[in-house]
Each structure stands twice: as structure tokens, then as C-alpha cells.
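Keep in mind the model is a prediction, meaning the values are calculated, not measured.
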Amino acid sequence: LSGGAGGVVLLGGTRGLDRPEGTRFRDTSGAVHGSQHRATLWHEREVFWPVKLWHDGTGAEWVERDRAFWRTMDPEMPGRWTVTHEQGGSRYLDLRYEPSKGDEGFDTLPSLQRWARYGVYLVADQPFWTGEPSTMSWKAPEAPGPFFEPNGPHLFNIGQGFSFENAVISNLGDI
């Protein structure tokens, strides 16, 4: 969308890149000041794409590109919106087209101009950006030798204990 090579350009005013909306649940009482936090529920993420769809060919070619674009907007089949960071790496949202928003109309037939501006409303059912999985591995310490030593200085060898209790893995996301 950002390069416009496919005849679709994302314009200024895009929404849905920041945080989704949520609701904080709490209990209050007439006997105690303040409130007791219970939980936070994040809602589906609303996304808005202001786009310009264009084609420098004939009016019929523009109509075909327009139809092809709108065929990709199916509320039953989510599509993936991937944002690549300048530092490298990327995150994505799986989006569904939101068909409940109306058409704004045109002053001039887009097939005559060979371009149209649209406001495309989408929804991410799972509202959090997803990136590459973080992976980590840990290795148990080497065994000290055989447990029973028939001829050694010890009757038996006990290996060092090992657990994952202090293992740490980074979460590069929010959740």
C-alpha cells in the first residue's frame, strides 16, 4: 500500500496503528474509597485506510482494477496487513473488511478520472500486533559421570540440579 506499485496508495489519516480500545472492570463500594481493579478487556481493533486507487490506462482498465481491489475485501476471509519497521522486522494484523460503513459517493465518475479515493474500514478480531516468535533454548549442565562409582573416590555422584524456574525469555510485544 505504501509504494503504490499495484495502483493502490495509502493516504494520510490511517487509523489502527496504535493501541486498541479497551474496558477496565472494577468494583466500587459505598464503604471504601476508590475502586478494586478486576480485569481489562481489549476490544477488537478498528482500522481505517484512506486509499487512492488509480490506473493510468483506459477507463475500462480502471474499472477492472477497482473491481479486483474490492474482491479482496471479503468479511468472511481475513487478509494480513504487515507493517515493516525501518530498523528491520515486521508485525502484522489479520483484518476483516467491515461492510457496515456506507459509500461516500463521487462528484465525477472515477472511470473518467482513472482514480478514486475510498475510506476502507477494517477490523482485527485479535487486536494485538503479531511479530516473529521469540525463541530461547536452555541446556542442562553436563553429567558428572556415572551415578555409582565401583572403584572411585565416592560411593556415588550426584549431578547438579536443573530447572526452568529462573529461565527468562523476552516478549517484544505488548501481550
Enquirer: Could I get the full list of side-chain contact (heavy atoms from CB on, under 4.5 Å) partners for Glu61, not counting sequence neighbours?
Expert: His55, Thr58
Enquirer: Please tabulate, for the side chains in residues 34-41, all donor-acceptor contacts under 3.5 angstrom to protein atoms that are two or more places apart in sequence or on a different chain.
Expert:
residue : atom : partner : partner atom : Å
His37   : ND1  : Arg24   : NH1          : 3.1
Arg38   : NE   : Asp27   : OD2          : 2.5
Arg38   : NH2  : Asp27   : OD2          : 3.0

Enquirer: Who pairs with Glu64 by side chain to side chain donor-acceptor pair (under 3.5 Å), at least two apart in sequence or on another chain?
Expert: Arg71
Enquirer: When you compare the side chain of Trp54 with that of Val9, does any pair of heavy atoms fall below 4.5 Å?
Expert: yes
Enquirer: Kindly write out the residues that satisfy side chain to side chain donor-acceptor pair (under 3.5 Å) with Asp74, not counting sequence neighbours, or none if the list is empty.
Expert: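 Checked Asp74 against side chain to side chain donor-acceptor pair (under 3.5 Å); zero matches.
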Enquirer: Would a 4.5 Å heavy-atom cut-off, applied to side chains only, mark Leu17 and Trp81 as touching?
Expert: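 Yes, side chains in contact.
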Enquirer: May I ask you to test the Leu11-Lys52 pair for a side-chain heavy-atom distance under 4.5 Å?
Expert: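 Counting from C-beta outward, Leu11 and Lys52 do come under 4.5 Å.
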Enquirer: One pair to check against side-chain contact (heavy atoms from CB on, under 4.5 Å): Arg65 and Leu53. What are the steps and the verdict?
Expert: CA-CA 8 Å; Arg65 175 164 290 162; Leu53 188 118; 4.2 Å; yes
Enquirer: Does a side-chain heavy-atom distance below 4.5 Å link Tyr118 with Asp66?
Expert: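 Yes; the side chains approach each other to less than 4.5 Å.
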Enquirer: According to side-chain contact (heavy atoms from CB on, under 4.5 Å), who are the partners of His85, at least two apart in sequence or on a separate chain?
Expert: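 Listed in chain order: Gln87, Arg91.
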Enquirer: Among residues two or more places apart or on two chains, list those pairs meeting salt bridge (charged side-chain N to carboxylate O under 4.0 Å, His left out) that have a residue in residues 121-137.
Expert: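 Output for this query lists Arg96-Asp125.
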Enquirer: Assess whether atom CD of Glu46 is packed by more than 12 heavy atoms of other residues, nucleotides or ligands within 6.0 Å.
Expert: no
Enquirer: With Thr23, which residues qualify under side-chain contact (heavy atoms from CB on, under 4.5 Å), at least two apart?
Expert: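 Result, side-chain contact (heavy atoms from CB on, under 4.5 Å) vs Thr23: Phe25, His43.
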Enquirer: Which residues pass the ring pair (Phe, Tyr, Trp, His ring centres under 6.0 Å) test with Trp115, not counting sequence neighbours?
Expert: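 Once residues adjacent in sequence are excluded, Trp115 has no partner under the ring pair (Phe, Tyr, Trp, His ring centres under 6.0 Å) criterion.
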Enquirer: Tell me the closest heavy-atom pair linking Leu93 and Ala124, and the distance in Å.
Expert: CD2-CB, 4.2 Å
Enquirer: Verify, without hydrogens or angle tests, whether Gln126 (side chain) and Phe128 (backbone) share a donor-acceptor contact under 3.5 angstrom.
Expert: yes
Enquirer: Going by heavy atoms in the side chains, are Pro78 and Leu95 under 4.5 Å from each other?
Expert: no
Enquirer: My understanding is that only residues two or more places apart in sequence, or in another chain, count here; which of them pass ring pair (Phe, Tyr, Trp, His ring centres under 6.0 Å) with Tyr97?
Expert: Trp70
Enquirer: Should Val123 and Tyr121 be regarded as members of a common hydrophobic cluster, given that ILVMFWY residues are connected when their side-chain heavy atoms come within less than 4.5 Å of each other, either directly or indirectly?
Expert: no
Enquirer: Not counting sequence neighbours, which residues clear side-chain contact (heavy atoms from CB on, under 4.5 Å) with Pro127? List them please.
Expert: Pro20, Trp42, Arg45
Enquirer: According to ring pair (Phe, Tyr, Trp, His ring centres under 6.0 Å), who are the partners of Tyr92, at least two apart in sequence or on a separate chain?
Expert: none
Enquirer: Arg114: which residues meet the side chain to side chain donor-acceptor pair (under 3.5 Å) condition with it, sequence neighbours left out?
Expert: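 Side chain to side chain donor-acceptor pair (under 3.5 Å) list for Arg114, sorted by chain: empty.
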Enquirer: Do Met73 and Trp62 share a hydrophobic cluster, counting only Ile, Leu, Val, Met, Phe, Trp and Tyr and linking them when any side-chain heavy atoms are less than 4.5 Å apart?
Expert: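 Yes, because Met73 and Trp62 connect within a single hydrophobic cluster, where side-chain heavy atoms sit under 4.5 Å apart.
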Enquirer: Rounded at 0.5 Å granularity, tell me how far CH2 in Trp49 sits from OG1 in Thr14.
Expert: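 Going from the CH2 atom of Trp49 to the OG1 atom of Thr14 covers 9.0 Å.
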Enquirer: For the CH2 atom of Trp129 and the CG atom of Asp18, what is their distance to the nearest 0.5 Å?
Expert: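 The distance works out to 10.5 Å.
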Enquirer: Given the rule that I, L, V, M, F, W and Y join up when any side-chain heavy atoms are under 4.5 Å apart, are Val51 and Val83 in one cluster?
Expert: yes
